[in-house]
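Okay, so here's the structure we're looking at.
When reading the values below, keep in mind they use all heavy atoms of this one structure, side chains included, and skip hydrogens, waters and symmetry mates. Position 1 is the first residue of the sequence; numbering continues from there.
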Amino acid sequence: HKYFKDINGYYSLEFASVPYKLLNIFALTKCVLFIGQHSGTYNLPGSRGIPVLLCDSFPYRIGTFNSSDVILFKHFREKATGKKLSLVEVMMHHLDLAYGYNFARKGIEVEHNSPEEIFEAVKETLARIQGKLHLTEEDKMLVEKFLNLFPKEMLIAHEKNRTSLHMLHQFKKELLK
């Protein structure tokens with residue numbers, strides 16, 4: 001609470017006479033939007049149909065319960081050259097990394113999503129919740145190409161989750177090859 005107490009509109013439940021863990025479950029199942037990292041926590045709101053935005057998702061094979069949820073995947077960078085591997089490159093040429101293997105052998109480091117990537121994904125998710133998100137034909141084509149990157153045995157291939165439009169537009173040239 002100490003980090004959030006001064007934010008206008010923050011409502012503290014620290015004095016509620018409910019056990020802390022139960023209070024967390026209540027909050028997770030009654031929220032309007034869940035934004036968080038790729039951990040087991042997102043399953044509670046997702047299973048209730050609450051929109052989910054996952055950040056720093058890894059490994060790439062996991063999806064959420066709702067196809068309209070957005071997933072931001074962790075980034076991979078070659079230690080020796082500093083070159084960032086695009087999500088498309090990983091899925092096409094380094095599937096072992098997508099599954100979570102061979103980082104040390106390939107000299108790859110894992111990086112978090114940037115604040116800009118998260119902010120753009122939050123804006124997009126809020127627009128979707130408010131009914132103001134309209135995908136162009138190009139957006140729809142990029143989504144389809146993106147979804148085709150994932151092997152059928154990956155849960156995300158069945159759940160049809162996608163990354164943010166902001167990220168898809170960064171991969172546009174690679175997706176349309």
Side-chain angles (χ1 to χ4, degrees), residues 33-39 41-43 45-46 50-177:
L33 166 64
F34 176 83
I35 302 171
Q37 292 182 321
H38 201 170
S39 66
T41 308
Y42 72 91
N43 286 317
I50 296 166
V52 171
L53 167 58
L54 290 183
C55 305
D56 283 334
S57 185
F58 180 76
Y60 290 0
R61 68 182 180 271
I62 308 297
T64 69
F65 291 117
N66 303 306
S67 63
S68 57
D69 292 339
V70 171
I71 300 178
L72 293 177
F73 299 92
K74 285 193 178 215
H75 302 289
F76 303 146
R77 184 178 303 279
E78 293 177 348
K79 289 180 186 178
T81 65
K83 177 188 176 219
K84 188 175 177 179
L85 303 178
S86 77
L87 182 66
V88 176
E89 184 177 356
V90 169
M91 296 308 296
M92 294 183 79
H93 304 293
H94 302 281
L95 205 51
D96 53 338
L97 298 177
Y99 280 106
Y101 302 103
N102 297 323
F103 289 91
R105 184 175 67 75
K106 289 186 169 187
I108 301 292
E109 56 189 2
V110 181
E111 296 181 343
H112 298 289
N113 296 125
S114 72
E116 177 190 26
E117 291 168 342
I118 295 170
F119 181 67
E120 291 298 324
V122 168
K123 287 192 316 187
E124 175 185 331
T125 302
L126 290 174
R128 179 177 56 85
I129 291 170
Q130 297 166 346
K132 297 178 182 176
L133 181 67
H134 301 288
L135 299 180
T136 66
E137 289 305 313
E138 179 181 78
D139 292 338
K140 292 174 186 176
M141 182 175 55
L142 291 173
V143 168
E144 181 182 339
K145 297 274 187 185
F146 172 78
L147 293 174
N148 287 334
L149 292 172
F150 293 89
K152 299 281 186 245
E153 68 270 9
M154 287 186 170
L155 179 61
I156 193 168
H158 298 278
E159 298 301 333
K160 305 279 190 228
N161 302 119
R162 63 169 174 83
T163 195
S164 69
L165 294 174
H166 173 76
M167 297 303 294
L168 285 176
H169 286 276
Q170 287 183 15
F171 307 138
K172 179 179 172 178
K173 287 182 183 177
E174 291 176 278
L175 285 170
L176 297 179
K177 278 186 182 178

inquiry  = Go through it in stages, so that I can follow the logic: the residues are E124 and S164, the test is side chain to side chain donor-acceptor pair (under 3.5 Å), and I'd like the CA-CA distance, side-chain angles, deciding distance and then a yes or no.
reply    = CA-CA 7 Å; E124 175 185 331; S164 69; 4.6 Å; no
So side-chain hydrogen bond (donor to acceptor under 3.5 Å, both in side chains) across residues 143-158, not counting sequence neighbours, yields Y99-E153
In short, G63 meets L155 closest at the heavy-atom pair N-CD2, 3.9 Å
Please test K106 against L97 for side-chain contact (heavy atoms from CB on, under 4.5 Å), starting from the C-alpha separation and ending with a verdict. CA-CA 9 Å; K106 289 186 169 187; L97 298 177; 4.2 Å; yes
Salt bridge (Lys or Arg N to Asp or Glu O under 4.0 Å) test vs E89 passes for just one of R77, K83, K177, K84, namely K83
- Item | Sub-4.5 Å side-chain heavy-atom contact between F146 and L87 | yes
Test side-chain hydrogen bond (donor to acceptor under 3.5 Å, both in side chains), reference D56, set H112, H38, H75, output is H112
Report task. Determine, step by step, whether R162 and V70 satisfy the side-chain contact (heavy atoms from CB on, under 4.5 Å) criterion, reporting the C-alpha distance in whole Å, the side-chain angles of both residues, the deciding distance to 0.1 Å, and the verdict. Result -> CA-CA 5 Å; R162 63 169 174 83; V70 171; 4.2 Å; yes
Parallel, tilted or perpendicular for F73 and Y60, by the 30°/60° rule? perpendicular
K79 and I108 have their tightest heavy-atom pair at CE-O, 3.9 Å
Closest non-hydrogen atoms of I35 and C55, given as atom of the first, atom of the second and distance, are CG2-SG, 4.3 Å
Interatomic distance, CD@E159 vs CG@L147, rounded to 0.5 Å, equals 11.5 Å
Checklist entry - Should F65 and V52 be marked as a side-chain contact (heavy atoms from CB on, under 4.5 Å) after you check the CA-CA gap, both sets of side-chain angles, and the distance that decides it? => result CA-CA 9 Å; F65 291 117; V52 171; over 6 Å; no
Step-by-step ring-ring contact (aromatic ring centres under 6.0 Å, His included) determination, F103 to F58: CA-CA 13 Å; F103 289 91; F58 180 76; 5.5 Å; yes
So NE2 of H134 and NZ of K132: to nearest 0.5 Å the spacing works out to 9.5 Å
ask   = Taking the side chain as C-beta and beyond, is there a heavy-atom pair between D139 and L168 under 4.5 Å?
value = no
Counting C-beta onward and ignoring hydrogens, is there a side-chain heavy-atom pair between L135 and L165 closer than 4.5 Å?
yes
When every non-hydrogen atom of P59 is compared with those of A98, the smallest separation belongs to CB-O, 3.4 Å
Residue set satisfying side chain to side chain donor-acceptor pair (under 3.5 Å) with S67, at least two apart, ordered chain then number -> none
OH of Y42 to CG of L53, rounded to nearest 0.5 Å, is 13.0 Å
- Item | Residue Q170 excluded, over 12 heavy atoms near CD under 6.0 Å | yes
Interatomic distance, CG@L149 vs CG@L175, rounded to 0.5 Å, equals 6.0 Å
Those residues at least two apart in sequence (or on a different chain) that pass side chain to side chain contact (heavy atoms under 4.5 Å, CB included) with E116 are S114, E120, H166
Separation between CD1 (I156) and OG1 (T64), nearest 0.5 Å, reads 8.0 Å
One should read off an interatomic distance between N66 CG and I50 CD1, to the nearest 0.5 angstrom, of 9.5 Å
Exercise. Evaluate the criterion side-chain contact (heavy atoms from CB on, under 4.5 Å) for residue pair D69 and R128; output intermediate values, then yes/no.
Key: CA-CA 10 Å; D69 292 339; R128 179 177 56 85; 4.1 Å; yes
